[in-house]
Amino acid sequence: MNDIGVSSLHARARAIGVGVAAAHADAVDREGRFPFETFEALKAERLLGAMIPLAQGGEGASFADICDVCCVLGQHCASSAMIYAMHQIQVICLIDCASSSAWHQAFLARAARDQLLLASSTSEAGIGGDFRNSVCAIEASGTQFHLRKEAIVISYGTQADCILVTARRNPDAPSSDQVIAVIERAQYSLKRTTGWDTLGMRGVCSEGHIVEVTAACEQIAPEPFAEIAAQSMLGASHLVWASMWFGIASSAIAKAQSFVKAEARKRAGAPGGNAATPAGIRLAHIVSKSQMLKARIMEGIRHFEAVRRDADGLTSLSFTIAMNNLKISASETMLEIITEAMMICGIYGYKNDTPHSLGRLLRDALSAPIMINNDRILGNTSNLLTMYRQDATLTG
Amino acid sequence: MNAKIRALISEFGRLSVDVATLKNEADLYTAGLTSFASVQLMLGIEDAFDIEFPERMLNRRSFASIAAIEQAVSELLAEAGRDAEAA
C-alpha cells in the first residue's frame with residue numbers, strides 16, 4: 001500500500017493479470033475478440049490513467065512503472081498487454097506534447113477521471129505505410145472541423161473511448177504537414193472495412209475503418225505531429241512493447257522451468273540422476289538470454305527517462321539508434337527464448353491443451369518483428385549509421 | 001551559403017514542397033524532410049562545406065530549418081577558423 005491507501009500498481013496489475021487476463025486469454029485468442037474482462041478490471045483499478053499527473057487526477061506513475069504493468073500483463077494475455085501498451089503511448093504523447101493546450105490538459109483530467117481508453121489512427125490508404133504522411137485533411141469551418149479518413153488499421157477502434165487521429169493541417173497542406181486531433185466517440189462514426197483474423201495478437205482487433213468526425217478545432221494538438229512523432233512516440237513505443245515482450249518470454253521460461261523441474265523430480269535418486277539434461281542446459285541458456293534482455297530494456301527505460309524532457313536528447317541520432325536496436329533485439333530475443341522453450345517442453349509445448357502449451361505465446365510473439373517491420377527498422381538504422389560516431393566507452 | 005544550402009536541400013531533402021517557396025525559418029520536417037533524407041542531407045552538407053558534424057549537432061533541431069542549418073555550418077566553419085562568407 002502506498003501513502004494514498006492504494007496498493008501498488010504492480011500489485012494491482014498482477015492481481016488483474018493472474019485473476020482476470022489469464023482466465024480469459026485462451027477465449028480472447030480463440031474467438032479473436034477484445035479482452036473486455038481485462039479492460040473492465042483495468043478501469044476499475046484505475047490503471048488506464050495511472051501515468052496522468054496527480055494534479056489532473058492520475059497517479060503520476062513513472063514511465064518505468066507503466067512498462068512494469070505491460071510486462072505483468074504480457075505474462076498472462078499478450079493481447080491485453082499490447083492494447084494497454086498502445087493506450088499508454090497515446091497518453092504519454094498527450095502528457096509530453098500538449099502541455100500548452102488548455103483543452104488537452106482538461107482532456108487528460110477527464111481521461112483519468114473516466115479511465116478513457118485511447119486508440120490511434122495514423123495509418124491510411126494511399127500513404128504506403130509511412131505514417132508521417134497523410135492524404136486526408138482537416139476541413140475547418142469556424143470553430144469546428146470535419147475529417148474523413150480511410151484508416152487501414154485502428155487497433156481496438158470499436159472498443160476505444162477516443163481516437164488520436166492524424167491528418168494534413170488543411171486541404172492545401174503538403175502530405176507531411178500533419179496535425180493530430182483527439183476525437184471522442186460521440187463525435188465520430190466508424191465504418192468497418194477490414195477484419196482481424198490473424199495468427200496471433202487476436203484480441204487487439206486491428207480492423208480497418210472509415211472514420212468520419214466533426215469536432216471542435218481546439219481538439220487539434222497545437223504541436224505539429226512531426227514533433228510529437230519524433231519525440232515521445234518513438235522511445236515510448238519501443239519500450240512499452242519490449243516490456244510486454246519480456247513478459248511473454250518470462251511466461252515461456254516459467255513453463256520450461258516447471259517442465260525441467262518435473263523431469264528432475266522423476267530422475268531424483270536414480271543412477272546418474274544429477275547429470276545435466278539437454279532440456280536443463282537449454283533452460284540455462286534461455287534464462288541467460290532473458291537476463292540480457294531485461295538489462296537491455298532497463299537501460300533503455302533509464303535512457304528514455306534521462307532525455308524525456310530534452311527534445312535534442314530525444315531526437316539525437318544516438319537515442320534513435322538505441323531505440324531502434326532495442327526493438328530489433330527484444331523482438332528477436334523473445335522469439336529465440338520461446339522457440340527454445342518449445343524444444344524443452346517438446347510435444348507438451350506443441351500441444352494446445354497441456355499446462356506447458358506454448359502455441360499462443362509463440363503466435364503472439366511472431367507479431368513483434370512484423371509490426372513496424374524489423375527489416376524496415378534495420379534499413380533506417382543502417383542509413384543513420386553513416387553519420388553515427390561509435391561510442392566505444394563502457395561507462396561513459 | 002544560403003543558396004548553397006537551399007541547393008543541397010533541393011538535391012537531398014526530398015521535400016513535398018519546392019525549396020524556393022520556403023522561408024529560412026520554415027520547419028523542414030513539416031515540409032516533408034524524413035529522418036532518412038535528413039541523413040542524406042547531412043552527408044551532402046559535410047561534403048559540400050568540407051566539415052564534420054559533431055555528436056552534439058546530430059539531432060533534429062540542427063536540421064529543422066534552413067536558418068538552423070546555416071547556423072550549424074557557420075559555427076563549424078568558425079571553429080575551423082574559416083570564413084563563413086567565403087563558404
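As a basis for the values below, the full set of heavy atoms in this structure was taken, side chains included, without hydrogen atoms, waters or symmetry mates. Here is how names work: the chains are called A, B, and so on, in the same order as the sequence lines, proteins then strands, and each is numbered from 1.
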Q: Give a yes or no on whether A:M371 atom CE has more than 12 heavy-atom contacts from other residues, nucleotides or ligands under 6.0 Å away.
A: yes
Q. Checking heavy atoms, do the side chain of B:A64, its backbone, both or neither come under 4.5 Å from chain A?
A. neither
Please tabulate, one pair per line, the donor and acceptor atoms of chain B and chain A that lie under 3.5 Å from each other, or say none if there are none.
residue : atom : partner : partner atom : Å
A:R132  : NH2  : B:Y29   : O            : 3.2
A:S176  : OG   : B:S16   : OG           : 2.9
A:S176  : OG   : B:T30   : O            : 2.7
A:S176  : OG   : B:G32   : N            : 2.8
A:D177  : N    : B:T30   : O            : 3.3
A:A226  : O    : B:R60   : NH2          : 3.1
A:E227  : OE1  : B:R60   : NE           : 3.3
A:E227  : OE2  : B:R60   : NE           : 3.3
A:E227  : OE2  : B:R60   : NH2          : 3.3
A:D312  : OD1  : B:R61   : NE           : 2.9
A:D312  : OD2  : B:R61   : NE           : 3.0
A:D312  : OD2  : B:R61   : NH2          : 2.3
A:T315  : OG1  : B:R60   : N            : 3.1
A:L317  : N    : B:L58   : O            : 2.9
A:S318  : OG   : B:E55   : OE2          : 3.3
A:N383  : OD1  : B:Q40   : NE2          : 2.6
A:N383  : ND2  : B:F36   : O            : 3.2
A:R389  : NE   : B:F53   : O            : 3.3
A:R389  : NH2  : B:E46   : OE2          : 3.4
A:R389  : NH2  : B:F53   : O            : 2.3

